[in-house]
Each structure stands twice: as C-alpha cells, then as structure tokens.
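Below is one structure, written out as structure tokens; the observations come after it.
Side chains included, hydrogens not; waters and symmetry mates left out as well; all remaining heavy atoms used. What you see is a predicted model; the values in this text were computed from it and never measured.
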Amino acid sequence: RRMPGFASDPRALLHGVETRTSCPVQIARDERSLECPGISGLYPTGEGAGWAGGIISAAVDGVRVGRALAIASGVSAVSLGGLASARDDR
C-alpha cells in the first residue's frame, strides 16, 4: 500500500529510531507553548527529551506537542477539533 506523494521513489528509505533507554535529563520547554526557551522552533518531545516514560506517554506527548506546533504555525482551533490551547488541563 502506498501513500500518494510520500516516498514514491522505490529507492526511498524512511528511517525511525527507537532505543530501550530513557533520557536521564529533561530538555526545558515553555509550559504553555511547549517550545524550548531560547531555541525558537525546537519542541522537545517524548522519551528522548525527558518528557515521557514509556511508549504511551511518549505518544500522548507527541500529540500535545504536535497540537502546540500547529497552533504556533497558525492552524485554526476549528481544524484541531476545537482545541483552544496547547496546554492540557491536568
């Protein structure tokens, strides 16, 4: 099965990296925007950045950061299912 417009060249490779370790430190990120303070455009995400402790929490963090990035890029809340803020309500 092929995704139109994505890696249509049969020689194309898609690489994904997985490790069995978690990051012993946490990369700082703004509480609201989830962007790394002082490094514009960097959104630390998941286990590698110290923001998750397993595959499920890493997936949830990826969704949160993806939404934050979409909002920062000007995507409307309507197209994000009514999401008004990147910050979750804990």
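A donor-acceptor pair under 3.5 Å is formed between the side chain of Trp51 and the backbone N or O of Ile27. Checked by atom type and distance alone, the side chain of Glu47 never pairs as donor or acceptor with a backbone atom of Ala52 at under 3.5 Å.
Shown are Val63, Val65, Leu69; of these, the side chain to side chain contact (heavy atoms under 4.5 Å, CB included) with Thr45 is made only by Val65.
Scanning both residues, Pro37 and Ala28, for their nearest heavy atoms gives CD-O, 3.5 Å. The shortest heavy-atom contact between Ala68 and Ser33 is CB-O, 3.4 Å. Residue Asp61 comes nearest to Arg29 through the heavy atom pair OD1-NH2, 2.6 Å, listed as atom of the first residue, atom of the second, then distance.
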